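Reckoned from all heavy atoms, side chains included, excluding hydrogens, waters and symmetry mates. In this text the structure is predicted, and so the values were computed from the model without any measurement. Each residue takes its place number in the sequence, starting with 1. Whatever order the structure lists ligands and atoms in, that order sets their numbers, starting from 1.
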Amino acid sequence: MHIDPQTYTTGLYCWMGLAVIVFVVLLKVKAPYGRHTTKKWGPLMNNRLGWFVMELPVLAVFSLFFFTGDAEKSLPVYVFYGLFVFHYSHRVFIFPLLLRARNKKMPLMIALLAIFFNLFNGFFNGYWFGHLNTRIYEISWFYDWHFIAGIMLFASGMYLNMASDQRLIHLRNGKRTGYYIPRGGWFNYISSPNLLGEIIEWSGWALMCWCLPTFSFMLWTMVNLIPRALDHHRWYQRNFEEYPSDRKAILPYLL
Ligand code: NDP
């Protein structure tokens, strides 16, 4: 498959334009999974299986296009690839097993929409690094401020994301089911530090790679997760009278 750079770039701008539209929609319509699951979105499927099936395509598509193209790949490019694969290997193979949600369901439609997103995201990033990238990332890129700041953001975002997901998942220790007020760590400041962590992580990746497709992924992550954090925050406030009033949704002290 060959796509010329101009067609690719036009497609990428359309993809980013779609992100803006989806953002406006998600500010009005709650994504119906997790606590917001509803049967109005059609048939449901097993939650764990859903996570596995919907996140796997991005690993496959990104890797396929990354390795089949003949763009020059220096060590920094393999580092970009490795970090992406590290995150998604955890998301696909480990995260679903950590969930404490026996018999929990999600709408099949959510899994299909996520597969759609992951196919395009995997394509745009994989095709770029595999086929179209002409920039030579010399070893000296490791000392460039983009890389240094980017990898620090990536690592701290990943830590915040995973540690906060763990804290949430452990709220259902033992036989506990349902939802509880999370406390400790960044939960003292915001309702969804796990989602903020994911945004920081992909912002760091975009910074260290410093090219348009990686910024499109950062944009889409914000589009998916900022409205979700706002929905979670309102849900907590509605469902827990004692919910800390000084806690924000996703940005400490601000939002
Ligand atoms: P949530 O914060 O909604 O839930 C995370 C897990 O914790 C779920 O298993 C949830 O259970 C459980 N949980 C959450 N709050 C509570 C609570 N108060 N009491 C008890 N259990 C709780 O995160 P998401 O499901 O939206 O996302 C999961 C991961 O996927 C995150 O790391 C997120 O960053 C990432 N993600 C990334 C996207 C991207 O575009 N890059 C898009 C979507 C997600 P339950 O499912 O039963 O609600």
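Using cut-offs of 30° and 60° on the angle between ring planes, the pair Phe66 and Tyr78 is perpendicular.
Under the 4.5 Å side-chain criterion, counting only non-hydrogen atoms from C-beta, Phe65 is in contact with Phe123.
A search for side chain to side chain donor-acceptor pair (under 3.5 Å) contacts involving His170 returns Arg100, Gln166, not counting sequence neighbours. Scored by the side chain to side chain donor-acceptor pair (under 3.5 Å) test, Ser191 finds His233, Tyr243 as partners (sequence neighbours excluded).
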Could you pull out every donor-acceptor pair under 3.5 Å between side chains of residues 114-122 and any protein atom, sequence neighbours left out?
from, atom 1, to, atom 2, distance (Å)
Asn118, ND2, Met54, O, 2.6
Asn118, ND2, Ala114, O, 3.2
Asn121, OD1, Asn125, ND2, 3.0

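Test Lys104, Lys105, Arg228 against Tyr33 for side chain to side chain donor-acceptor pair (under 3.5 Å) and you get one pass: Arg228.
Under 4.0 Å from any atom of ligand 1, one finds heavy atoms of residues Tyr33, Gly34, Arg35, Trp51, Arg91, Phe95, Leu99, Lys104, Asn161, Asp165, Leu168, Leu171, Arg172, Gly178, Tyr179, Tyr180, Asn194, Leu195, Glu198, Thr221, Asn224, Leu225, Arg228, His232, Tyr236.
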